[in-house]
Amino acid sequence: MKFLIAAVSLALIAGSLAVTDEEKAQAKQLAEHCMKETGTSEESVKRLRNGDTSDADDNTKCFVQCFFQGAGFVDADGNIQEDHLTEKLASEYDREKAEELVQKCKNNAGANPCERSFALLECYIENRASLV
């Protein structure tokens, strides 16, 4: 989940282990696009980068949806794309642990796509220690 947390920041993925410069640039562009699209504040994105999901407003939750959809982690309805997310996590962590985490977080319930994507992020944050 270290990747997911880093993925939702302006410096996106800058601290991740196996990320190329091209992926960092793409993630930064996607984050900037999603900030503009959702009206999310830079401060809110910084809190997400630090793993702080408390007091997240609707714009912040929709930022996560926008970013996760753009990264291929969820679809337009906020439903997890298990194969893609498992592959991304497995490229940085143990495959078995990645699969377990995706299975644990796949039922990301919520009233709308933004809520579902945000639930996925929170599940990842709560369970990221299981990846290492």
Side-chain angles (χ1 to χ4, degrees):
M1 282 319 231
K2 190 184 273 185
F3 171 75
L4 293 180
I5 291 171
V8 291
S9 70
L10 285 178
L12 260 29
I13 311 174
S16 292
L17 301 173
V19 180
T20 66
D21 288 338
E22 182 180 341
E23 287 174 316
K24 289 178 191 177
Q26 289 173 345
K28 184 175 180 178
Q29 286 181 329
L30 178 57
E32 290 171 355
H33 163 78
C34 291
M35 285 180 69
K36 288 177 187 172
E37 183 174 296
T38 63
T40 305
S41 71
E42 189 173 334
E43 180 60 34
S44 293
V45 175
K46 285 180 183 178
R47 283 196 308 271
L48 289 177
R49 179 182 56 214
N50 293 322
D52 180 2
T53 59
S54 63
D55 300 323
D57 61 13
D58 289 342
N59 289 353
T60 302
K61 292 175 182 180
C62 287
F63 168 84
V64 174
Q65 163 61 19
C66 177
F67 189 90
F68 280 8
Q69 183 180 355
F73 300 152
V74 299
D75 64 15
D77 293 321
N79 300 311
I80 189 170
Q81 300 299 291
E82 292 180 48
D83 292 339
H84 184 76
L85 185 55
T86 299
E87 287 304 314
K88 182 58 184 170
L89 292 172
S91 73
E92 297 180 34
Y93 304 101
D94 176 82
R95 174 170 276 292
E96 185 177 322
K97 290 179 181 181
E99 289 172 352
E100 288 174 13
L101 182 64
V102 169
Q103 289 305 305
K104 185 179 283 189
C105 295
K106 74 178 187 176
N107 296 321
N108 55 327
N112 57 54
C114 298
E115 293 282 339
R116 285 189 284 283
S117 290
F118 196 74
L120 174 59
L121 175 64
E122 289 183 308
C123 181
Y124 172 78
I125 291 170
E126 291 171 15
N127 294 285
R128 66 183 169 212
S130 68
L131 286 171
V132 288

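Hydrogens, waters and symmetry mates play no part in the numbers below; they use all other heavy atoms, side chains included.
In this view, Glu126 and Glu122 satisfy the side chain to side chain contact (heavy atoms under 4.5 Å, CB included) rule, not counting sequence neighbours. Among residues two or more places apart in sequence or in another chain, the salt bridge (Lys or Arg N to Asp or Glu O under 4.0 Å) test is passed with Glu100 by none.
In plain terms, the two heavy atoms of Ala98 and Leu89 that are nearest each other are CB-CB, 3.6 Å. Taking every heavy atom of both residues into account, Ala31 and Phe63 meet most closely at O-CE1, 3.4 Å. Minimum heavy-atom separation, Ser117 to Gly78: OG-CA, 3.9 Å. When all heavy atoms of Asp94 and Lys97 are compared, the closest pair comes out as OD2-N, 3.0 Å. Contact detail for Gly39 and Asn59: the closest heavy-atom pair is O-ND2, 3.6 Å. Looking at every heavy atom in both residues, Leu48 comes nearest to Phe118 through CD2-CE1, 4.1 Å.
With a 6.0 Å radius and a threshold of 12 heavy atoms from other residues, nucleotides or ligands, Asp52 has its CG atom above the threshold.
Judged purely by atom type and a 3.5 angstrom limit, Thr40 has no side-chain atom pairing as donor or acceptor with the backbone of Met35. A side-chain donor-acceptor contact under 3.5 Å links Asn112 to the backbone of Cys114. A distance-only check finds no donor-acceptor pair linking the side chain of Asn108 to the backbone of Ala119 [under 3.5 Å]. At distances below 3.5 Å, not a single donor-acceptor pair connects side-chain atoms of Glu37 with backbone N or O atoms of Glu32. Of the possible donor and acceptor atoms, one in the side chain of Arg116 sits under 3.5 Å from a partner among the backbone N and O of Gly110.
Looking only at atom types and distance, the side chain of Thr86 has no donor-acceptor partner in the side chain of Asp83 under 3.5 Å away. With no hydrogens or angles considered, no side-chain donor-acceptor pair links Glu99 and Gln103 at under 3.5 Å.
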*asked:* Assess the residue pair Lys106 and Asn79 against the criterion (side-chain contact (heavy atoms from CB on, under 4.5 Å)); give the C-alpha distance rounded to whole Å, side-chain angles, the decisive distance to 0.1 Å, and a yes or no.
replied: CA-CA 8 Å; Lys106 74 178 187 176; Asn79 300 311; over 6 Å; no

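Counting only heavy atoms from C-beta outward, the side chains of Leu120 and Leu85 approach each other to under 4.5 Å. When side chains are defined from C-beta on, Gln29 does not count as touching His33, because their heavy atoms never get closer than 4.5 Å.
From Arg49, atom CZ reaches atom OG of Ser44 across 12.0 Å, with rounding to the nearest 0.5 Å.
The aromatic rings of His84 and Phe73 are tilted relative to each other, their planes meeting at an angle between 30° and 60°.
A salt bridge links Glu42 with Lys46: the distance from a Lys NZ or Arg NE/NH1/NH2 to an Asp or Glu carboxylate oxygen falls below 4.0 Å.
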